[in-house]
Every structure is written in C-alpha cells, then in structure tokens.
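Values reported hereafter were calculated over all heavy atoms of this structure, with side chains retained and with hydrogens, waters and symmetry mates removed. Just so we're on the same page: letters track the sequence lines, and every chain starts at 1.
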Amino acid sequence: MTDAIQIRGLSYQVGGFALRDVNLSVPSGAVYGFLGPNGAGKTTTIRLLLGLLRPAGGSMKVFGEDVPKDIVSILGRVGYVPERPQLYPNLSIDEAIRFHAAFHPRYDQAASRDLAARFELPMKRALARLSKGEMGKVMILLALAQRPDLLVLDEPTDGLDPVVRREALHAILDYVTESGATVLISSHLVHELERFCDWIGVLDQGTIVAQLPMQEFKSGLKRLRVGAGAPSAGAPFALLARGAAGIGGEVWTVRGWQPDMASWFGEAHPLREVVDLDLEEAFVELLRSARHPSGREA
Amino acid sequence: MFRAILWSQWRESRLAMVVLAGMAVAVPLLSLRGAGAVTDPWASWDLLRATARWGAAYPVLALAAALALAAGAWWPDHRTKHVYALTLPVSRVRYLLLRYGAGLTLLFVIAAVLAVSTVVATIRVPLPTLLHAYPGGITVRFLLAGLSAYTILFGLMGLTPRMARLVAAVFLLVVLAALVADLASLGWNPLGSVVDALLGPYSPLAIFRARWMLIDV
C-alpha cells in the first residue's frame, strides 16, 4: 500500500514550541486518527502539511508530490476542515458554496445540494450569523463536495453538540466509503476516533510517540491484575506503569500483550485478571509512558 | 475564479461603493449647480472659482474609493487569517492578481459613474464663451489617481503583520525626528521631505496635487 501522506524528519519552531523530527505515514485509503493532547502540535503539523507554514527541516509528500513545491496541485485534491471556521463572514452559505466551487474543478454541485438538504442549512443566511454547529456543517459540506482524494480534518467536531457531531461524522464516513478517500483526522476526543479510524498516530509535545494500526493499538494495551511483588525483569511485554491494588495485589499497565504471555507469570505471583483498556485509557497510558519512558509506580 | 473574487469583494465593499457612486453623481452636478445662471461673460471668473472649489472633491473621492476598495480586497482574508485563501488550489501570485483586479474593476465602475455624471452635468449647462468642459479629463484623472492610490494602499494593506509593524515604525520615526528637529529649531523637516517625495512631480501620487477642473478655459 502506498502512502497518501509521508512526512520525514519534520521540524518547526515558533516561540517556546517545537516540532521535533516528526515522521508520519498515512496509507492511501486509511482513516488515520491524529491524536494528541491540546498543544501537542497537531494543528501545526497539519498547517505545515498544507503549506500554510514553512518548516525548519524535513520533507513532506502528499500523493508523492512535494510540499510546498507542488502545493497548488496538492490542494486541488485536499478537502480541509480547519479547527476554527475560516470562511468569509459576509457571504451567505449559497455564495460561499459558489465561491468555493469556482476554485475546485471537481466540485460536485449535486452532492453539495444533497448535503445542504441533509444538514438542513439556511442557504441564504450570512455565514456571520450561523451557529457554531451550522458553520461546522458548512465547512464539512464544502470539503466533501469538492470530491477530495484526501480529507484533512482538524478537530472537525470540536464544540459541536452530539446530534450535529453524529451527522457530520456520518456524512464523512459515507463519503469515505463511497470514494475510498484517505482521511487524516485530528482530535483529542478519543472516543470519536475509536469508532472509525483504522490507523492511529499520537503526537505529544511536538514528537510522534506512537503510530500503528488501530487494532494493534487497542489489543496490545492491557491492565493486568497480578500478585504483589511480581518481578518485571525479562517480561515479554512493555510495562508502562505499576501500582498497588488492594491487599496482596498490583495493577500493571502493559503494552504489546498477547494471550499466550499469561504463562510468563509464575505461581508465586499469579496473573489474576486481564482487562481491556478502551482507547482513551490506552491513549492516557501511552502518553504517560512516553513522558516517563522508564516506567514507574502508578 | 475572477467572478467569484469580484462578487466577494463587492459584498465586502458594497456599502462604500454605493456611497462613493452617490458622491460621484453628486459632485459634478453640485459643482455646476449655479452655472446655468451665468450669461455675462465677465461672470465666468466666478464660475471658474466655484469649479476650482469643488475640484478638491475629486481627488478626495479618488482617495476614498482607493481606500475602500483596497480595504475591501484584503479585509475578508485578514479576518480569516488568510487560512482559507491559502488553502485554495491557486498560486499566491495568481490569487493576489485576482484580488487586485477585482478591486480595479470596482474602481472602473465608480469612474464610469463619474464619467456619466460629469457628461450629464456639463451638457445641462450653457457655458460662457472661452470656457470649456472637460468631463473626459476629470474622469481620466480620477482613474489615474484612484489607480495609483489603490495600488499603493493594496500593497500596504496586504503586508504581513511584521512588515506592517516595520512600516509603521519607520513612519513613527520620521514623525519623531520631525518633532525633535522642530523643537531644536534645526530648520529641517523630515516629514515635509517625505510628503514632498510622495507628492512630488515624479511620484505616482503627484496627480493628487494637480488642478482638477471640470470647467476651465
């Protein structure tokens, strides 16, 4: 499988914030969840990828074309939903659609009308007078109707109510299913990504700390209940954190767990329970282990 | 693309456009309001003086139009921090030319209104012997002045915040130097020199200093 996005050794610095040696590969056709806490550098990475900022070093390719050298051609294939809506507020929705369509030769008017009806948008209303939810829908409508090969969504549902969020995500999913487009979706709403991403990349403090298929990410992270005092040296998994849990027991958070590893625990310190972590817990543990790589008492 | 940009710019500056077009209609008509009563050739002098007084309104109108259109060209992008514009699949140079061209087109519209208005105003007035009407001349001057001012303002308003701060700092420095020179009675006026350079005979803005006469000998 070729990569729709390939970032190598990307670095960027502004003020006290820096992106350091970011390497990221988004396979074609993947729905790639770009996770990270607030201020991790997700939006900066996206802006660098779209040529809005100049990197200090590294290389970026989208569909094999260089950023920023071939950015005009790249932007013709990318639908972008920014973190904050950035459309001209004096235009009505109708006018904003016409404006957008004029710059995107593949803009699908029929799809645009369908989405407008589905989202129940007031077409004649000025963008400045739209609610946050309506504005979010307009941004998604524009990005989808231009029939992009790559959708870059930067916190697209942040601040939207659950009903609007669900509608927006369904529209995105429908488009992806129908077109096979690649999606890079950044969010700190972990549950949202869990449902439909097949790849995950985690950025923390300007560095990629993990990048793997969602299935692998979810299945390898476990919480184990083991007997107190069990030695962790030589464990076939990575111990992220350990702490006391009631009388005579400990809780370990591990990565890279496989069911056959249960036999590694001896009878002196038996494995009592293996608990699946949901994506949010896994995400938190991953960040914790990235910030304290040696593993520590929880 | 051009139509889309033109429409967005019209939406942004339509109120200013309507006001400016109204002024372009009103100024020529008002400037010749009393001219119909001039039958005595010796009263031509009064007509010329009245025309000269109103003449100052044309460069002001050109400057106002340039300012409104340059602001209308940049304001939507400044408000959106240029993110939307920069993610459109069009090169920056082309986008800049589209924006500039759209503002220029709107300037032509105001100039066209002025042309019609000056022709109508001068047709209505029986001119004394030796006096002539110059509706075409006034319109061309308006267009040139508007074009010069619009180009400069478009460039200034399109500056990045850092460059804008730099230009403002240089300007403040000149003002400060002028103030110090004045207080110290050095007999040197850097602000005056800058203004002279900007409006001097070889400057594109020199046209603002010219005589703007709709009726002249």
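Atom CE of B:Met163 has 12 or fewer heavy atoms from other residues, nucleotides or ligands within 6.0 Å. Heavy atoms of other residues, nucleotides or ligands lying less than 6.0 angstrom from CD of A:Glu178 number more than 12. At most 12 heavy atoms of other shown residues, nucleotides or ligands fall within 6.0 angstrom of atom CZ in A:Arg129. Within a 6.0 Å sphere centred on CZ of B:Arg94, heavy atoms belonging to other residues, nucleotides or ligands number 12 at most. Around atom CH2 of B:Trp75, no more than 12 heavy atoms belonging to other residues, nucleotides or ligands sit under 6.0 Å away. Within 6.0 Å of CZ in A:Phe17 there are more than 12 heavy atoms belonging to other residues, nucleotides or ligands. Residue B:Leu15 places its CG atom among 12 or fewer non-hydrogen atoms of other residues, nucleotides or ligands, all under 6.0 Å distant. Environment of CZ in B:Arg3: sparse, with no more than 12 heavy atoms of neighbouring residues, nucleotides or ligands closer than 6.0 Å.
The shortest non-hydrogen separation linking B:Ala4 to A:Ala102 is CB-CB, 3.7 Å. The heavy-atom pair separating B:Leu86 from A:Leu52 by the smallest distance is CB-CD2, 3.2 Å.
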Report task. Would you please test A:Leu75 and B:Leu88 for side chain to side chain contact (heavy atoms under 4.5 Å, CB included) and show each step? Result -> CA-CA 7 Å; A:Leu75 289 174; B:Leu88 291 171; over 6 Å; no
Query raised in the report: side chain to side chain contact (heavy atoms under 4.5 Å, CB included) between A:Tyr80 and B:Tyr84: does it pass, once the steps are laid out?
Result: CA-CA 9 Å; A:Tyr80 173 48; B:Tyr84 182 62; over 6 Å; no
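Distance alone, capped at 3.5 Å, places no donor-acceptor pair between the B:Arg11 side chain and the A:Leu91 backbone.
You'll find the side chain of A:Asn90 reaches within 4.5 Å of the side chain of B:Arg79, heavy atoms only.
For chain B, the option among A:Glu95, A:Arg98, A:His104 with the highest count of heavy-atom pairs below 4.5 Å is A:Glu95. Highest contact tally toward chain B, considering only A:Ile74, A:Leu87, A:Val78, is held by A:Leu87 [criterion: heavy-atom pairs under 4.5 Å].
Only the side chain of A:Pro89 comes within less than 4.5 Å of a heavy atom of chain B; its backbone N, CA, C and O stay farther away. In this structure, chain A has a heavy atom under 4.5 Å from the side chain of B:Arg92, while its backbone stays farther away. Only the side chain of A:Arg47 comes within contact range of chain B, with at least one heavy atom under 4.5 Å from a heavy atom of that chain.
Geometric assessment of B:Arg99 against the ring of A:Tyr88 yields a positive cation-pi assignment under the 6.0 Å and 45° thresholds.
Atom CD1 of A:Ile71 is separated from atom OG1 of B:Thr87 by 9.5 Å, given to the nearest 0.5 angstrom.
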